Protein chains: 2
Amino acid sequence: MNLSRAERRRRSEQRILEAARLLFAERGFDRTTIRAVAGMAGVDPALVMQYFESKQELFNQAIQASPAPEGAAEPGELVERMLETLGAKLSGLPPASLAMMRSMLTNSDATASARASLGRQIDQIGTALPGADSRLRAALVSSIMLGVTIGHQLLELDPLREASREEIDRLIRPCLLALLQDTA
Amino acid sequence: MNLSRAERRRRSEQRILEAARLLFAERGFDRTTIRAVAGMAGVDPALVMQYFESKQELFNQAIQASPAPEGAAEPGELVERMLETLGAKLSGLPPASLAMMRSMLTNSDATASARASLGRQIDQIGTALPGADSRLRAALVSSIMLGVTIGHQLLELDPLREASREEIDRLIRPCLLALLQDTA
DNA sequence: GTCTATAAAGAGATAGAC
DNA sequence: GTCTATCTCTTTATAGAC
């Protein structure tokens with residue numbers, strides 16, 4: 001004998017979630033259908049509803065990403081870590097993150113999720129910085145990383161796609177340093 | 001007597017376009033219906049189709065924005081002009097631009113429009129800069145402005161909404177200067 | 001020229017058979 | 001437990017009346 005019912009169900013759920021992430025990441029919330037998700041996962045559309053209650057609920061579970069790494073640091077080290085994060089984002093976002101980003105401007109649950117996710121990042125960076133405007137600086141840094149990621153991964157701007165990670169690092173580093181270090 | 005038929009038609013078209021811009025800007029392409037546009041413009045839904053052929057064509061015309069101001073400059077002045085542009089964006093985007101931005105991650109025509117619009121901006125900044133990587137720098141500057149605009153206007157990140165234009169200027173300026181001036 | 005009425009298609013969701 | 005069949009709703013788009 002092979003798998004318990006619970007185990008089979010768990011596997012089906014995972015396949016559905018994985019298919020949902022890929023399709024939501026590619027097409028966004030509105031243009032992704034339950035039928036397409038079911039087709040890709042190799043299950044019946046009704047089963048998707050049975051497991052996840054609604055399309056919106058499926059989406060909400062699909063965009064739950066693993067939380068960002070923890071730990072504070074002084075500005076110089078912080079910049080290096082941000083560049084590392086950015087490099088990772090530019091070489092390929094996890095489907096869950098891409099799905100959230102893709103729909104964050106048109107679906108209110110995705111907007112809320114993006115706001116919360118960026119909020120956490122801002123808090124983390126903000127508390128590592130000195131000064132009264134630390135949260136504003138942190139928000140600007142986060143927005144900058146967001147913009148570069150969108151330009152590279154979603155809009156696919158030619159100059160960004162043609163550049164190597166090292167080139168981007170070299171040009172962005174002084175930019176982030178200027179924002180994080182200056183105490184003027 | 002008052003208005004010629006052509007004049008009446010022109011005015012109806014303008015009202016429809018204006019309503020379309022507002023609704024597309026607010027809800028994005030997929031969640032905006034012809035019916036809602038017609039309702040806001042005070043005309044019959046069938047008339048909208050009669051004038052614009054399809055929803056996508058209405059959208060394409062609605063997001064046509066006035067082109068950006070021309071003229072090159074040296075880096076220092078360029079930064080000031082970019083800050084001015086950014087300040088304008090943060091105090092309120094024109095509906096046409098907002099409509100384009102809102103849907104640029106989920107509608108392929110909007111993606112193409114955004115890519116073209118940013119491409120023009122990148123060319124303009126790029127030709128004003130010296131050096132081999134001028135286009136990459138220009139693309140990064142444009143992406144940064146995009147990210148801050150999205151964070152402020154669409155995601156409504158608290159730290160950005162609470163900051164004054166002057167604070168943002170002061171923090172972003174060295175960041176842009178570092179990106180545009182460094183010739184290392 | 002403008003609107004009424006409707007066609008045609010596709011979606012999410014559900015009830016019940018197996 | 002899973003899937004077949006269908007319901008119901010909403011949409012874009014169109015044909016034809018006024």
Side-chain angles (χ1 to χ4, degrees), chain A residues 1-24 26-63 99 102-103 106-110, chain B residues 1-24 26-63 99 102-103 106-110:
Chain A
M1 219 311 216
N2 7 40
L3 298 136
S4 70
R5 265 190 281 258
E7 179 62 16
R8 278 181 57 85
R9 160 153 184 155
R10 209 189 57 80
R11 296 205 180 185
S12 283
E13 261 193 38
Q14 285 308 310
R15 279 219 316 289
I16 292 168
L17 266 183
E18 194 49 41
R21 284 194 193 98
L22 291 173
L23 288 172
F24 283 133
E26 205 174 286
R27 312 177 184 176
F29 180 82
D30 288 321
R31 304 180 100 87
T32 298
T33 65
I34 297 277
R35 285 163 160 82
V37 172
M40 179 178 277
V43 304
D44 191 273
L47 202 62
V48 177
M49 297 300 296
Q50 175 77 6
Y51 286 172
F52 293 93
E53 298 281 327
S54 71
K55 179 182 174 183
Q56 184 68 55
E57 192 49 41
L58 171 63
F59 178 76
N60 291 345
Q61 293 199 34
I63 64 175
R102 174 84 63 193
S103 293
T106 42
N107 180 279
S108 64
D109 283 19
Chain B
M1 222 305 220
N2 7 38
L3 298 133
S4 71
R5 263 190 284 256
E7 178 63 15
R8 279 180 57 85
R9 161 157 183 155
R10 210 188 57 78
R11 295 206 180 183
S12 284
E13 260 193 40
Q14 285 309 310
R15 278 219 317 287
I16 292 169
L17 266 182
E18 194 49 40
R21 285 195 192 96
L22 291 173
L23 288 172
F24 283 133
E26 205 174 288
R27 311 178 186 176
F29 180 82
D30 288 321
R31 305 181 100 86
T32 298
T33 65
I34 297 278
R35 288 165 157 79
V37 171
M40 180 179 277
V43 304
D44 191 275
L47 203 62
V48 177
M49 297 299 296
Q50 175 78 4
Y51 287 170
F52 293 92
E53 298 282 326
S54 71
K55 179 183 173 181
Q56 184 68 55
E57 191 50 39
L58 171 63
F59 179 75
N60 291 344
Q61 293 199 33
I63 64 174
R102 174 83 64 193
S103 293
T106 42
N107 180 278
S108 65
D109 282 20

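Reminder, nothing fancy here: chain letters follow the sequence lines and each chain counts from 1. What you see is a predicted model, and the numbers here were worked out from it, not measured in a lab.
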>> Per the salt bridge (charged side-chain N to carboxylate O under 4.0 Å, His left out) rule, what does the pair list look like for residues 40-62 of chain A, sequence neighbours excluded?
In response: none
>> Five pairs per end, C1' atoms only: what is the angle between the end axes of the helix from C:dG1-D:dC18 to C:dC18-D:dG1, to 10 degrees?
In response: 10°
>> Please enumerate all residues that pass side chain to side chain contact (heavy atoms under 4.5 Å, CB included) together with B:Gln50, with sequence neighbours excluded.
In response: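 None.
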> Of the non-hydrogen atoms in B:Ser103 and B:Ala110, which two are nearest, and what is the gap between them?
Replying inline: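 Of all heavy-atom pairs spanning B:Ser103 and B:Ala110, the closest is O-CB, 3.6 Å.
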> Looking across every strand, which nucleic acid part, if any, lies under 4.0 Å from A:Ser12 by heavy atom: base, sugar-phosphate, or nothing?
Replying inline: nothing
> Once you round it to whole Å, what is the distance between P of D:dT11 and CZ of B:Arg31?
Replying inline: 11 Å
> What residues, two or more places apart in sequence or in another chain, satisfy side chain to side chain contact (heavy atoms under 4.5 Å, CB included) together with A:Thr106?
Replying inline: B:Arg102, B:Thr106
> Which nucleotide span of DNA chain C, 5' end to 3' end, has atoms closer than 4.0 Å to non-hydrogen atoms of chain A?
Replying inline: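 Reading along DNA chain C, I get C:dA11 to C:dT14.
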>> For A:Gln14, give me all partners under side chain to side chain contact (heavy atoms under 4.5 Å, CB included), at least two apart in sequence or on another chain.
In response: A:Arg10, A:Leu17
>> The criterion is side-chain hydrogen bond (donor to acceptor under 3.5 Å, both in side chains); which residues satisfy it with A:Arg21, sequence neighbours excluded?
In response: A:Glu18
> So which pairs with a foot in residues 27-40 of chain A pass side chain to side chain donor-acceptor pair (under 3.5 Å), sequence neighbours left out?
Replying inline: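 Pairs touching residues 27-40 of chain A that pass the test: A:Asp30-B:Arg31, A:Arg31-B:Asp30.
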>> Please compare A:Val43 and A:Arg35 by the position of their nearest nucleotide in DNA chain D and report the one closer to 5'.
In response: A:Val43
> Got a sec, which residues hit side chain to side chain contact (heavy atoms under 4.5 Å, CB included) with A:Ala20, two or more places apart in sequence or on another chain?
Replying inline: A:Phe24, A:Val37, A:Leu58, A:Ala62
> Under the salt bridge (charged side-chain N to carboxylate O under 4.0 Å, His left out) test, which residues partner A:Arg15, sequence neighbours left out?
Replying inline: none
>> Quick check on contacts: within residues 46-62 of chain B, what sits under 4.0 Å from DNA chain C by heavy-atom distance?
In response: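 Under 4.0 Å from DNA chain C: B:Ala46, B:Leu47, B:Tyr51.
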>> Once salt bridge (charged side-chain N to carboxylate O under 4.0 Å, His left out) is applied, do any residues pair with A:Arg9, and if so which ones, sequence neighbours excluded?
In response: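 Testing A:Arg9 for salt bridge (charged side-chain N to carboxylate O under 4.0 Å, His left out), a comparison that skips the adjacent residues, returns A:Glu13.
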